[in-house]
Amino acid sequence: MGQTSTKEYFPLNRGLSDHSILMQRFEPGDSSEDELYAADDECDKDTDNNKNSTIQNDSINTESSEAWYVTLIQIFLPFIFAGLGMVAAGLVLDHVQHWKVFVEIPEIFILVPALLGLKGNLEMTLASRLSTAANLGKMDTREDALSLIAGNLALIQCQAIVVGFLASLTGMVLGWGPTGKLNMDHGLLLCASSVVTASLASFVLGIVMVLVIIGSRAVRINPDNVATPIAASLGDLTTLALLSWIASLLWGDLDQDKWLAPLIICSYLLFTPVCLCFAWRNSNTKDALLYGWTPVLIAMLVSSGGGLILDFAVAKFHGIAVFQPVMNGVGGNLAAVQASRMSTYLHTSSLGSGPGKLPVKDEGVCVSPWGVVSGGDQHSQTARILLLLVIPGHLIFTYTISYLEAGHTSPTLMFLVFYLSAAWLQVFILLYVCRVMVFFMWSRGTDPDNSAIPYLTALGDLLGGGFLAIAFLSLHIIGEMDPSDKTIVTQGPQ
């Protein structure tokens with residue numbers, strides 16, 4: 001008689017479905033024990049991958065199934081809040097344009113759009129990156145969240161200092177280049193004011209963005225809908241207030257020791273490598289540190305072009321200053337919301353594979369301008385909602401400015417026609433550029449979270465400044481507005 005064989009059946013692991021159980025036969029003395037353990041480990045990996053896929057699919061379903069009225073409500077309240085912040089920034093600019101430092105050094109006006117644009121270059125981009133990370137579950141553990149937050153704060157601090165320094169140089173070139181005259185004391189004041197404003201504003205707003213995104217996740221609100229508007233609302237006011245106060249403080253120092261501006265510049269030159277090193281050692285920000293400079297620097301140059309328009313326009317129409325932050329901010333704000341939502345959609349649709357290939361169900365990169373708002377996909381629906389907000393939003397902001405008796409002008413019917421037409425056209429162009437740019441960047445392997453918003457907000461500054469100047473000039477031509485014929489000078493804070 002042959003030897004009786006004893007065989008046992010036991011489950012090694014569950015497969016991808018709950019009802020299927022992997023059963024293996026194991027006979028003592030067989031040489032397949034290692035293979036069985038290897039198969040068990042492989043099943044573990046498949047299960048983990050399936051869980052990750054389920055989480056990402058849930059993210060896709062959450063955003064794609066979001067009802068239009070839910071999107072409208074979540075965007076509308078932060079949008080109005082952001083717009084009122086821009087109105088406050090406009091009131092600040094309307095007031096400080098008469099300070100002696102702004103009158104004596106008008107090149108500061110060239111800095112204004114570039115520094116206000118930092119909220120798009122840095123804070124809104126930070127909000128978009130963190131929103132995507134939060135929607136993908138990368139901030140669910142304290143360790144991951146702290147690493148992501150610390151690295152990003154160091155990154156934007158480094159970028160803010162560099163951009164602030166280069167913005168001041170650009171202001172000097174655009175302001176003094178045509179005349180060939182350069183005042184060294186004024187140049188140091190521009191540089192120190194720009195760097196300190198960029199650094200402090202970016203740090204404060206970066207902390208606020210982190211808190212907003214964590215809070216949004218806690219109350220189950222899509223951070224893509226609220227983070228960028230709040231960045232816009234606080235960014236303009238904080239930046240303008242800091243720039244005005246610091247420039248006035250340094251202006252007072254010019255009449256005394258003249259040591260404060262050089263000390264500030266040298267201190268930041270020593271502090272920048274520290275931030276650079278910290279961001280480089282963090283795996284979450286290393287790629288952005290390497291490849292995120294091009295959009296930030298190009299955006300700064302484009303915004304400076306808008307600043308040059310503002311410099312000339314303020315000299316002719318004092319009333320334009322109060323509307324400039326509102327016009328530029330609303331357009332960049334709405335375009336940033338769309339870019340952030342589209343970027344999150346592409347990240348979740350790729351199931352973690354990253355940029356490089358568009359989802360099969362989406363159209364190609366190039367679409368018609370009308371197709372951006374007339375399509376049946378979620379991006380077109382969001383674009384329609386954003387365009388719907390332009391007219392009522394600007395009406396609220398314009399009458400708020402009028403109620404506060406600012407702007408040196410009143411909202412007549414013709415003023416509203418020209419102003420609202422310019423504002424709507426600006427947002428429509430930005431939404432079209434956003435649709436093409438985000439999909440183009442993704443198809444080329446570039447993460448839109450790092451690159452799209454800086455370009456969009458900078459283009460918004462350029463278009464907003466240009467369209468606003470054209471609107472005021474058109475009103476002057478038809479006799480609805482008179483140019484400013486005298487310069488008002490005030491001392492500013494003492």
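Bear in mind that the values here come from a model prediction, so they are computed numbers and not experimental data.
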Quick one: pull up CG in Leu130 and CD1 in Ile213 and give me the separation to the nearest 0.5 Å.
4.5 Å
Would you name the heavy atoms of Gly305 and Leu462 that are closest together and state the gap between them?
C-CD1, 4.0 Å
Taking side chain to side chain donor-acceptor pair (under 3.5 Å) as the definition, give me every residue that meets it alongside Ser199, ordered by chain and number, with sequence neighbours left out.
Gln157, Tyr268
Spacing of Leu169 atom CG and Cys191 atom SG [to the nearest 0.5 Å]
6.5 Å
Close side-chain approach of Ile320 and Gln324, heavy atoms under 4.5 Å:
no
Does Phe102 reach the side chain of Ser244, with side-chain heavy atoms less than 4.5 Å apart?
yes
Tell me whether the rings of Phe415 and Tyr419 are parallel (<30°), tilted (30 to 60°) or perpendicular (>60°).
parallel
Pro411 to Thr398 - nearest heavy-atom pair and separation:
CB-CG2, 3.8 Å
Which pairs count as side chain to side chain donor-acceptor pair (under 3.5 Å) when at least one residue sits in residues 101-112, sequence neighbours excluded?
Glu107-Trp176
Taking all atoms of both residues into account, what is the closest heavy-atom pair of Leu456 and Ala335, and its distance?
CD1-O, 4.0 Å
State, with a plain yes or no, whether a side-chain heavy atom of Leu386 is found less than 4.5 Å away from one of Phe79.
no
Look up atom CG in Asp461 and atom OG in Ser303, then write down how far apart they are to the nearest 0.5 Å.
4.0 Å
Restricting to non-hydrogen atoms, name the atom on Ala469 and the atom on Ile309 that form the minimum distance, rounded to 0.1 Å.
CB-CG2, 4.1 Å
Ser193 side chain vs Leu190 backbone, donor-acceptor pair below 3.5 Å:
no
Cationic tip of Arg435 above Phe439 ring, under 6.0 Å, 45° of axis
yes
Side chain to side chain, Thr457 and Ile453, heavy atoms closer than 4.5 Å:
yes
Mark yes or no for whether Thr446, through its side chain, and Trp442, through its backbone, hold a donor-acceptor pair below 3.5 Å.
no
With no hydrogens and no angle check, is any side-chain donor or acceptor of Thr170 less than 3.5 Å from a backbone partner on Leu166?
yes
Check whether Ser374 reaches the backbone of Trp370 with its side chain - one donor and one acceptor, N or O, closer than 3.5 Å.
yes
Would you confirm whether Ser168, through its side chain, and Phe165, through its main-chain N or O, come within 3.5 Å as a donor-acceptor pair?
yes
For a side chain to side chain contact (heavy atoms under 4.5 Å, CB included) check, start with the C-alpha distance between Leu387 and Val373, then their side-chain angles and the critical distance, and finish with the verdict.
CA-CA 9 Å; Leu387 281 172; Val373 296; 3.5 Å; yes
Please report the interatomic distance CD1(Ile110) to CG(Leu310), rounded to the nearest 0.5 Å.
9.0 Å
Short question: side chain of Ser340, backbone of Val337 - any donor-acceptor pair under 3.5 Å?
no
Return the minimal non-hydrogen interatomic distance between Thr285 and Asn152, and the atom names on each side.
CG2-N, 3.5 Å
Are Pro448 and Met342 packed together at the side-chain level, in the sense that at least one heavy-atom pair is separated by less than 4.5 angstrom?
no
Decide yes or no on side chain to side chain contact (heavy atoms under 4.5 Å, CB included) for His186 and Trp251, but give the supporting numbers first.
CA-CA 9 Å; His186 291 181; Trp251 175 258; 3.7 Å; yes
Quick one, Tyr399 with Leu416, criterion side chain to side chain contact (heavy atoms under 4.5 Å, CB included). Give me CA distance, side-chain angles, the key distance, then yes/no.
CA-CA 10 Å; Tyr399 278 103; Leu416 291 176; 3.5 Å; yes
Report the distance from atom CG of Leu468 to atom CG of Leu463, rounding to the nearest 0.5 Å.
12.0 Å
Nearest heavy atoms of Gly151 and Ala279, plus distance in Å
O-CB, 4.3 Å
With a 4.5 Å limit on heavy-atom distance, are the side chains of Val162 and Trp293 in contact?
yes
Report yes or no: does Ser216 contribute a side-chain atom to a donor-acceptor pair with the main-chain N or O of Val212 at less than 3.5 Å?
yes
Take Met86 and Asn333 through the test side chain to side chain contact (heavy atoms under 4.5 Å, CB included) and record every step on the way to the result.
CA-CA 10 Å; Met86 296 166 197; Asn333 179 8; 4.0 Å; yes
Parallel, tilted or perpendicular for Trp424 and Phe428, by the 30°/60° rule?
parallel
Rounded to the nearest 0.5 Å, what separates atom NE2 in His379 from atom CZ in Arg341?
9.0 Å
Any heavy-atom pair between the side chains of Phe472 and Phe323 that's under 4.5 Å?
yes
Could you tell me if the side chain of Ser380 sits less than 4.5 Å from the side chain of Val372, heavy atoms only?
no
